[in-house]
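Quick note on labels: first sequence line is chain A, next is B, and so on, each numbered from 1. No hydrogens, no waters, no symmetry mates; every other heavy atom, side chains included, goes into these values.
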Number of protein chains: 2
Amino acid sequence: MKTRIRELRAKMGITQEELAQQVGVRRETIVFLEKGKYNPSLKLAYKVARTLGSTIEEVFIFEEEDLA
Amino acid sequence: MKTRIRELRAKMGITQEELAQQVGVRRETIVFLEKGKYNPSLKLAYKVARTLGSTIEEVFIFEEEDLA
DNA sequence: ACACAATGTTAGATATACATAACAGGTGCA
DNA sequence: TGCACCTGTTATGTATATCTAACATTGTGT
């Protein structure tokens with residue numbers, strides 16, 4: 001799963017640490033999300049999207065394999 | 001978290017069992033999702049939404065507390 | 001080159017989504 | 001009455017998201 005977290009975060013001019021605080025998770029969690037290293041819970045995905053001023057389906061990019 | 005799974009599933013005329021099979025999870029998982037008893041992974045939410053011919057943000061209804 | 005901020009990585013602990021199996025209640029239909 | 005189908009629940013096990021802390025790397029400005 002790819003994401004636009006890094007891109008949107010840069011656009012807002014905030015660091016991983018700041019995003020993490022606003023979302024209420026640890027910075028490492030943001031690192032892993034940005035790198036697509038895991039499949040977040042729906043609520044976390046929602047909080048990240050809202051904090052970045054966007055929607056879930058705009059922030060997280062699903063691929064074919066995600067429907068398999 | 002509330003959902004429109006039951007409503008959309010009824011509209012498609014399929015059972016929990018059939019939805020579960022199409023999504024690739026157990027029927028109990030669908031029961032729990034319909035009742036808002038847990039917070040699914042993003043990929044599962046995506047599969048459910050697509051199988052119901054809808055989007056994540058239309059199927060899963062977020063509340064204020066989900067941003068807390 | 002130095003200092004400092006931002007990012008990346010790793011290892012171990014905890015919480016919980018999801019699987020699995022088994023059983024119970026309801027509804028409709030022969 | 002009976003049976004078959006759909007739905008709900010409960011208990012236990014496994015996989016993994018997330019936390020925590022510590023350290024490594026990269027970038028940026030002076």
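- Using a 4.0 Å cut-off between a side-chain N of Lys or Arg and a carboxylate O of Asp or Glu, K2(B) and E7(B) do not qualify as a salt bridge.
- Atoms CZ (F32(A)) and C1' (dT7(C)) sit 12 Å apart, rounded to a whole Å.
- Shown here for N39(A) and K43(B), the closest heavy-atom pair between the two residues is OD1-N, 3.1 Å.
- Looking at heavy atoms from C-beta onward, F62(A) lies in side-chain contact with I56(B) at the 4.5 angstrom threshold.
- One can place CD of E28(A) at 10 Å from C1' of dT10(C), the figure rounded to the nearest angstrom.
- Distances shorter than 4.0 Å separate some side-chain N or O of T29(B) from OP1 or OP2 on dA19(C).
- Protein atom CD1 of I30(B) is 14 Å distant from nucleotide atom P of dT20(C), rounded to whole Å.
- Between the CD atom of E18(A) and the C1' atom of dA5(C) there is a distance of 11 Å, given to the nearest Å.
- The shortest heavy-atom contact between V23(B) and K47(B) is O-CD, 3.5 Å.
- If you find the closest nucleotide of DNA chain D to L44(A) and to Q16(B), the one lying nearer the 5' end belongs to Q16(B).
- Of the candidates dA17(C), dG8(C), dA19(C), the closest approach to any side-chain atom of K35(A) belongs to dG8(C).
- Rounding to whole angstrom units, CZ of residue R9(A) and P of dA6(C) are separated by 10 Å.
- Close approach of DNA chain D to chain A, defined as any atom under 4.0 Å from a non-hydrogen atom of the protein, starts and stops at dA17(D) to dA22(D).
- There is no path of hydrophobic side-chain contacts, each under 4.5 Å, that joins I61(A) to V31(A).
- Side-chain contact annotation: Q21(B) with E17(B), donor-acceptor N/O pair under 3.5 Å present.
- Between L33(B) and K37(A), it is K37(A) whose nearest contact on DNA chain C lies nearer the 5' terminus.
- The distance between atom CZ of R27(B) and atom C1' of dC18(C), rounded to the nearest whole Å, is 14 Å.
- For the pair T3(A) and V48(A), the minimum side-chain heavy-atom distance is 4.5 Å or more.
- Not one side-chain nitrogen or oxygen of R26(B) sits closer than 4.0 Å to the OP1 or OP2 atom of dA19(C).
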